[in-house]
Trainee: 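Got a structure for you, written out below as structure tokens; questions coming shortly.
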Amino acid sequence: MQEKLKKFFSSYINKESFFLDKKLLTHNYIPDKILHRDEQIMSIAKVLAPALKLEQPSNLFIYGTTGTGKSVVIKHIFSELKSTNTTNLKPVYINCKLKKTADTEYRMLAYILRELNFPVPETGLPTESLYNKLFELIDEKEQIILLALDELDALVKKIGDGLIYNLTRINTELKNAKISIIGISNDLSFTDDLDPRVRSSLSEEEIIFPPYNALQLKDILQQRAKIALKPGVCSEGVIEKCAAIAAQEQGDARRALDLLRVAAELAERNEDKKITEKHVDLAEQKLELDRVTELAKTQPRHSQLTLYSILKLFEKGKDQILTGDVYEVYLSLCKRNGYKTLTQRRISDLISELDMLGLISTKVVSKGRYGRTREIRLAIAKKSFDILKSTFSNMFET
DNA sequence: CCTCCACAGGAAGCGCAGGAGT
DNA sequence: ACTCCTGCGCTTCCTGTGGAGG
């Protein structure tokens, strides 16, 4: 047995990897050349260019679905700006969706302050004082702050538009410095919820990122594959297939890269000679599975119990699962496992959270005489369902 | 046409943890 | 040590509502 293990490890080390540099196939990597986004890059550059002369650029609103290159383009432009002028121009990029980082007003301000080299505690201070601090800090000298708020829709959905409103108001009071806000969103409809004043000031300029089509995705993949994979390891049609799948799903480049990377990993692990279309299929399954299990595992306990309740009901073959049913199962599940039960109101919120995570899909329906409730359906593949269910049944008494 | 179910989902507020100022 | 502030998870109480059955 140990001999076998030794052999395995040594062959593993000596085995030729498919990758030259795996990092280049992740979405954290920002390529030097961004394909098929010239138009958008130039438009943004035109809007932001006045900053180089210390004139305040217009606020900018960028819209496009996931994986259309919004973040990459902004990061790219920011790093270019940083290399041209560092003293009076301060680009700050914030992803509002990062939990525990920038998902509340306080944390957002704290994050901005930290970016400006002014550390603040995670909690404890009145939010008001953070505004004052920010104001002082920025107005110290003549400068332009470029504030890119990625996934802005998530933030607004959670805490409203007060923060943006305050930021734009600060602007009018600043003497030396100016703030320009670049809002990035993958949901256009969210501007409906904004205060009209906020909306109009935020979208002084608007730029739309259209989804990539299959051909463009293919270009992007080829560009990356060239530097990330060894030549000749991809079979005919692999890149095309990744591109086609991703193109079907809203032209998401991130997805395309994930597919290719995981397909390569699977092929390598399986000691196959080449990456084939079959590996892409497997990669698609694996990505879904990983996403779902990771999501489910990191949920707080009562969310897990709620999800498990839904899984159990689903397994029983119920065609329509309602909030009340879920709550009943949840109660008995809690009882058997010795957990304190939460109220139905709370469970209702947990259900909509699970919905937002994309694990289930819910629809509010009216059943006339029999009330108004949510109809819950699972939004995961069969295989993920099985694995989730067995994970949970190991965690909890059933 | 009216009723009334079974919830949705808003509002307020509570208790806790955790940091700052004093 | 004490007070004041925050976010967060949660409860309590509440008003709102689409449509089947009367």
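A, B, ... follow the sequence lines: proteins, then strands. Residue 1 opens every chain.
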Trainee: Across the strands shown, which category fits S366(A) at heavy-atom distances under 4.0 angstrom: base, sugar-phosphate, nothing?
Mentor: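 Contact class for S366(A): base.
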Trainee: Determine, for E265(A) against R261(A), whether the closest basic-nitrogen to carboxylate-oxygen distance falls under 4.0 angstrom.
Mentor: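 Yes, charged N to carboxylate O under 4.0 Å.
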Trainee: Among the candidates dT17(C), dA8(B), dT12(C), find the nucleotide nearest to the side-chain atoms of T323(A).
Mentor: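 Nearest nucleotide to the side chain: dA8(B).
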Trainee: With respect to the side chain of H302(A), which nucleotide from dA20(C), dC10(C), dA8(B) is positioned closest?
Mentor: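 So the nucleotide nearest the side chain must be dC10(C).
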Trainee: Does a nitrogen or oxygen in the side chain of T343(A) sit under 4.0 Å from OP1 or OP2 of dC10(C)?
Mentor: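 No, because none of the side-chain N or O atoms of T343(A) sits under 4.0 Å from OP1 or OP2 of dC10(C).
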Trainee: Send over the distance from K340(A) NZ to dC10(C) P, rounded to a whole Å.
Mentor: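 Rounded to whole Å, this separation is 9 Å.
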Trainee: Between Y370(A) and D349(A), which has a closest nucleotide on DNA chain B that is more 5'?
Mentor: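 That would be Y370(A).
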Trainee: Is any side-chain nitrogen or oxygen of R346(A) closer than 4.0 Å to OP1 or OP2 of dC10(C)?
Mentor: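 Yes, because at least one side-chain N or O of R346(A) sits under 4.0 Å from OP1 or OP2 of dC10(C).
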Trainee: Given atom CD of E375(A) and atom P of dC5(B), what is their separation to the nearest angstrom?
Mentor: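 Going from E375(A) (CD) to dC5(B) (P), I get 21 Å.
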Trainee: Please state how far atom CZ in R372(A) lies from atom P in dC7(B), giving the value in whole angstrom units.
Mentor: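 Distance check: R372(A) CZ to dC7(B) P gives 12 Å.
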Trainee: Can you tell which of dC10(C), dG9(B), dA20(C) lies closest to the side chain of L342(A)?
Mentor: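 For the L342(A) side chain, the nearest candidate turns out to be dC10(C).
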Trainee: I'd like to know whether NZ of K178(A) has more than 12 heavy-atom contacts from other residues, nucleotides or ligands below 6.0 angstrom.
Mentor: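 Yes.
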Trainee: If I take atom CD in residue Q320(A) and atom P in nucleotide dA6(B), what distance separates them, rounded to the nearest angstrom?
Mentor: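 Taking CD of Q320(A) and P of dA6(B), I get 14 Å after rounding.
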Trainee: Can you identify which nucleotide, out of dA8(B), dT12(C), dG21(C), has its nearest atom closest to the R345(A) side chain?
Mentor: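 Closest of the options to the side chain of R345(A): dT12(C).
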Trainee: Which part of the nucleic acid, if any, lies within contact of T362(A), taking any heavy atom under 4.0 Å across all strands shown: a base, the sugar-phosphate backbone alone, or nothing?
Mentor: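 The answer is nothing, as T362(A) stays clear of every strand by at least 4.0 Å.
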Trainee: Can you tell me which residue among I179(A), V47(A), I181(A), I182(A) is in a side-chain contact (heavy atoms from CB on, under 4.5 Å) with N59(A)?
Mentor: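 For N59(A), the side-chain contact (heavy atoms from CB on, under 4.5 Å) check succeeds only for I181(A).
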Trainee: Atom CD of E328(A) to atom P of dA6(B): distance rounded to whole Å?
Mentor: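 These atoms are roughly 11 Å apart.
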Trainee: What is the distance, rounded to the nearest whole Å, between atom CD1 of I347(A) and atom P of dG9(C)?
Mentor: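 Rounded to whole Å, this separation is 14 Å.
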Trainee: Hey, is the side chain of R374(A) poking within less than 4.0 Å of OP1 or OP2 on dA8(B), counting only N and O atoms?
Mentor: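 Result: yes.
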Trainee: Is the NZ atom of K367(A) crowded by more than 12 outside heavy atoms at less than 6.0 Å?
Mentor: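 It does: K367(A) NZ has more than 12 such atoms within range.
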Trainee: So D258(A) and R254(A), salt bridge (charged side-chain N to carboxylate O under 4.0 Å, His left out) or not? Walk me through it.
Mentor: CA-CA 6 Å; D258(A) 284 341; R254(A) 197 178 300 181; over 6 Å; no
Trainee: Write down the distance between CG (L350(A)) and P (dC10(C)), rounded to a whole number of angstrom.
Mentor: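 Atom CG in L350(A) sits about 7 Å away from atom P in dC10(C).
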Trainee: Taking CD1 from I351(A) and P from dC7(B), how many angstroms apart are they, rounded to a whole number?
Mentor: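 After rounding, the reported distance stands at 10 Å.
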